[in-house]
Amino acid sequence: MTAAQALKQENIEKQFDYVILKSGKFQDYKVVKRFWLDKLKANTIDSINTLESKLTASNQNIEKQKNTIKELQESLTTTNENLTSVTQEKDNMSFMGMDMTKSSYKTTMWAIVGLLIALLAFFIFKFKNSNTVTVQAKKALAEIEVEFEDHRRRALEREQKVMRKLQDEINKQRKAGTK
């Protein structure tokens with residue numbers, strides 16, 4: 001592998017290893033060709049710039065995703081609130097100005113229906129009793145009227161008899177007084 005090929009590798013670590021390996025030694029120091037150091041520096045700066053641009057792009061992507069997540073959470077919260085509101089409206093109804101659940105509304109309606117049926121039965125019972133009493137009273141009245149008519153007729157007959165007797169007595173007295 002040539003120096004140009006070695007310094008074109010993607011991996012910066014291998015490029016450093018190659019430069020260190022091929023460097024000459026002078027006492028305890030390594031002598032490195034200036035061209036290699038410049039190329040290695042350029043490659044390192046390019047890699048760092050590429051990584052920084054990728055990092056910046058990743059950070060922007062993360063921010064976009066955070067904003068999207070925040071918008072979705074807000075939308076989810078709004079949707080849940082709407083769902084709760086719609087569910088509550090569906091499960092509740094207004095009766096005489098009061099909000100009630102459907103089950104309490106049904107219970108109230110059946111209680112009212114039961115009360116009305118009980119009242120109807122009570123009034124039917126009362127009507128039948130009153131009707132029976134009225135029929136008996138009419139029957140008694142008719143009997144009393146018949147008795148009254150009989151009594152009146154008898155009283156009239158007695159009165160007529162008494163009046164005849166009185167007239168007969170008056171006539172007798174007149175005849176006796178004229179004689």
Side-chain angles (χ1 to χ4, degrees), residues 10-13 44-179:
E10 288 288 322
N11 194 338
I12 297 287
E13 184 179 353
T44 305
I45 290 173
D46 282 347
S47 294
I48 289 173
N49 287 339
T50 302
L51 289 174
E52 282 179 349
S53 66
K54 284 182 181 178
L55 183 62
T56 302
S58 294
N59 285 339
Q60 288 174 349
N61 192 16
I62 288 171
E63 284 301 316
K64 285 180 186 177
Q65 289 176 348
K66 281 182 181 178
N67 289 337
T68 302
I69 288 171
K70 184 177 179 183
E71 289 172 4
L72 289 174
Q73 285 175 336
E74 289 173 357
S75 174
L76 178 63
T77 302
T78 303
T79 303
N80 284 339
E81 289 172 357
N82 289 341
L83 178 63
T84 303
S85 174
V86 167
T87 302
Q88 187 175 11
E89 286 177 16
K90 183 182 137 259
D91 289 341
N92 288 342
M93 54 184 34
S94 181
F95 177 68
M96 295 172 55
M98 298 182 307
D99 283 338
M100 319 178 88
T101 62
K102 283 187 177 180
S103 61
S104 61
Y105 175 78
K106 286 180 183 178
T107 303
T108 303
M109 285 295 110
W110 282 113
I112 290 172
V113 167
L115 178 65
L116 290 175
I117 288 172
L119 285 173
L120 178 65
F122 175 74
F123 285 120
I124 288 172
F125 173 75
K126 283 295 200 179
F127 174 77
K128 284 189 176 191
N129 282 346
S130 296
N131 194 28
T132 304
V133 168
T134 303
V135 167
Q136 289 174 352
K138 283 182 180 180
K139 195 180 216 182
L141 178 64
E143 289 173 3
I144 289 174
E145 283 179 349
V146 167
E147 285 179 23
F148 179 71
E149 282 298 318
D150 284 344
H151 175 70
R152 196 171 63 96
R153 188 178 38 81
R154 277 187 260 129
L156 187 60
E157 286 173 3
R158 263 187 275 138
E159 186 180 325
Q160 286 174 351
K161 280 182 187 177
V162 168
M163 289 298 271
R164 272 190 222 134
K165 282 183 184 179
L166 178 63
Q167 190 64 42
D168 286 344
E169 280 299 315
I170 290 174
N171 287 342
K172 247 191 210 179
Q173 289 285 333
R174 269 193 207 162
K175 280 186 185 184
T178 55
K179 282 191 188 179

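It should be emphasised that the depicted structure is a prediction, and the values quoted were computed from it without experimental measurement.
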* Considering only heavy atoms from C-beta outward, does the side chain of Leu156 approach that of Arg152 to under 4.5 Å? -> no
* Asked: Any side-chain heavy atom of Gln65 within less than 4.5 Å of one from Asn61?
  -> yes
* Start with the C-alpha gap between Lys139 and Val135, add the side-chain angles, then the distance that decides, and say whether side-chain contact (heavy atoms from CB on, under 4.5 Å) holds. => CA-CA 6 Å; Lys139 195 180 216 182; Val135 167; 5.5 Å; no
* Asn67 CG to Leu72 CG distance, which is reported to the nearest 0.5 Å -> 11.0 Å
* CZ/Phe127 to OG1/Thr134 distance, rounded to the nearest 0.5 angstrom? -> 8.5 Å
* Asked: Would you say Asn59 and Glu63 make side-chain contact, with heavy atoms under 4.5 Å?
  -> no
* So do the side chains of Lys175 and Lys172 get within less than 4.5 Å of each other, counting heavy atoms only? -> no
* Structure fact -> Residues at least two apart in sequence or cross-chain that pass side chain to side chain donor-acceptor pair (under 3.5 Å) with Ser103, listed by chain then number, are Thr101
* Only counting residues at least two apart or in another chain, list the ones meeting side chain to side chain donor-acceptor pair (under 3.5 Å) with Asn82. => none
* Is it true that a side-chain atom of Ser85 and a backbone atom of Glu81 form a donor plus acceptor pair closer than 3.5 Å? -> no
* Straight-line distance of Ile62 CD1 to Ile69 CD1, nearest 0.5 Å -> 10.0 Å
* Taking atom CD1 of Ile170 and atom CD of Gln173, what is their separation to the nearest 0.5 Å? -> 9.0 Å
* Asked: Is any side-chain heavy atom of Glu157 closer than 4.5 Å to a side-chain heavy atom of Arg153?
  -> yes
* If you measure from NZ on Lys102 to CE on Met109, what distance do you get to the nearest 0.5 Å? -> 14.0 Å
* Once you round to the nearest 0.5 Å, how far does CD1 of Ile144 lie from CD of Glu149? -> 13.0 Å
